[in-house]
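Each chain gets a letter, A, B and so on, in the order its sequence line appears, and its residues count up from 1. The figures here come from the full heavy-atom set of this structure, side chains too, leaving out hydrogens, waters and symmetry mates.
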Protein chains: 2
Amino acid sequence: MRAEPAGSSCVERKTKQRDAIKEVMLHTARPLGPQEILDAAAGSVPNLGIATVYRAIKELLAEGFLSKVEMPGEPARYERADLKHHHHFHCRSCGKVYDIAGCPGNLANAAPKGFKVESHELLLFGVCDRCDK
Amino acid sequence: MRAEPAGSSCVERKTKQRDAIKEVMLHTARPLGPQEILDAAAGSVPNLGIATVYRAIKELLAEGFLSKVEMPGEPARYERADLKHHHHFHCRSCGKVYDIAGCPGNLANAAPKGFKVESHELLLFGVCDRCDK
DNA sequence: ATAGATGCAAAGGGTTTGCACTTGA
DNA sequence: TCAAGTGCAAACCCTTTGCATCTAT
């Protein structure tokens, strides 16, 4: 008999692919897309496939390690979920997405009566510090 | 000689397809996606193709008749551009997108110094009036 | 008559899935 | 050992594009 209780055959294994992906996400300063994650992780795991990145992202989302950041018209980006509540700024010049500290807050009242607001996303668009020079 | 000034060969023609699409957008109470527009307009123009809808949307965006509404993970929706500034609520139960009257405003300060905020989008997620019952 | 518009189908880009092979526990 | 994980390629979905045909003007 094994140490595993009956039925619990679904354990997550530690693989160098996932390690590399988590590593990338731990060190990035801004949200990354699947392809960016692949490019960054490919350094430590040469034959890493994009499908593996997507599968890892899905699990990391499910286990609450990552959260999804989506900007209109662009593929989703991901960042660590343990960052405190914040929003995002998309620079139309360089295309990068930056984290924004503030939050207008109190959005529960923004919706009409009867609508239950559970979460929100605030997206700012403009030109970032660097590109404005 | 024609009434057209020389060089202005690029005029938009009035076709029943575009009429139908504009008609749909004039009467919808909420943002619609390309497929929804196609379904709605197909009533008056039987063989309407999705490509035509996309092409019409692109032109209507360009001429400022429509504006784009994008919700994370979903195909873009469109609504009339002449609506006053507002935001959107996405019901996780029925999947519909509703217009929200309010706006937290004053978001120019939300970004760090040096970042120029040109526009913003506020997305609310939750359960709508009807689905909550 | 003729350039613009349409419809179909094929092509593209991003994401997901099927499947045989590999690998961690 | 052997199921979970991986890599590749095919499948998918949404959107765009190519092209022959159609149609406003």
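Taking for each of B:Y78 and A:R18 the nucleotide of DNA chain D with the nearest heavy atom, the 5'-most of the two is the partner of A:R18.
In this view, A:H27 and A:E23 satisfy the side chain to side chain contact (heavy atoms under 4.5 Å, CB included) rule, not counting sequence neighbours.
Looking at B:R55, its side chain has no donor and acceptor atom pair within 3.5 Å of the base of C:dT6. A donor-acceptor contact under 3.5 angstrom links the side-chain atoms of B:R13 to the base of C:dA3.
Following rounding to the nearest Å, B:K22 (NZ) and C:dA5 (P) show an atom-to-atom distance of 13 Å. For B:K16 and D:dC22, the NZ to P distance is 12 Å, given to the nearest whole Å. Atom P of nucleotide D:dT17 and atom CD of B:E59 are separated by 13 Å, given to the nearest angstrom. Rounded to an integer number of Å, the gap from A:K14 NZ to C:dA25 P is 8 Å. Regarding B:K68, its NZ atom lies at a distance of 15 Å from the P atom of D:dC14, rounded to whole Å. Computed from coordinates, the A:M71 CE to C:dG14 C1' distance equals 18 Å when rounded to whole Å. One atom, CD of B:Q35, and another, P of D:dC14, lie 8 Å apart when rounded to the nearest Å.
Side chain of A:P75, nearest nucleotide from C:dG14, C:dA5, D:dT6: C:dG14. Side chain of A:K58, nearest nucleotide from D:dT6, C:dT17, C:dG14: C:dT17.
Only B:N47, B:L48, B:G49, B:A51, listed by number, bring a heavy atom of residues 36-51 of chain B to less than 4.0 angstrom from any atom of DNA chain C.
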Taking only distance into account, with no hydrogens and no angle test, what donor-acceptor pairs under 3.5 Å do side-chain atoms of residues 122-133 of chain A form with protein atoms, sequence neighbours excluded?
{"unit_1": "A:D132", "atom_1": "OD1", "unit_2": "B:K116", "atom_2": "NZ", "d": "3.3"}

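A distance-only check finds no donor-acceptor pair linking the side chain of A:R30 to the backbone of A:V97 [under 3.5 Å]. A donor-acceptor pair is defined here as one N or O able to donate and one able to accept, closer than 3.5 Å; no such pair exists between the side chain of A:R77 and the backbone of A:V69.
Contact annotation for A:A56: no contact, since no heavy-atom pair falls under 4.0 Å across all strands.
Rounded to the nearest 0.5 angstrom, A:H88 NE2 and A:C91 SG are separated by 15.0 Å. Note: B:I37 CD1 to B:K22 NZ = 13.0 Å, rounded to the nearest 0.5 Å.
Contact annotation: A:T15 side-chain N/O to D:dA4 OP1/OP2 distance is not under 4.0 Å. An OP1 or OP2 oxygen of C:dG7 is reached within less than 4.0 angstrom by a side-chain nitrogen or oxygen of B:Q17.
Between B:H87 and B:H120, the angle of the ring planes lies from 30° to 60°, which puts this pair in the tilted group.
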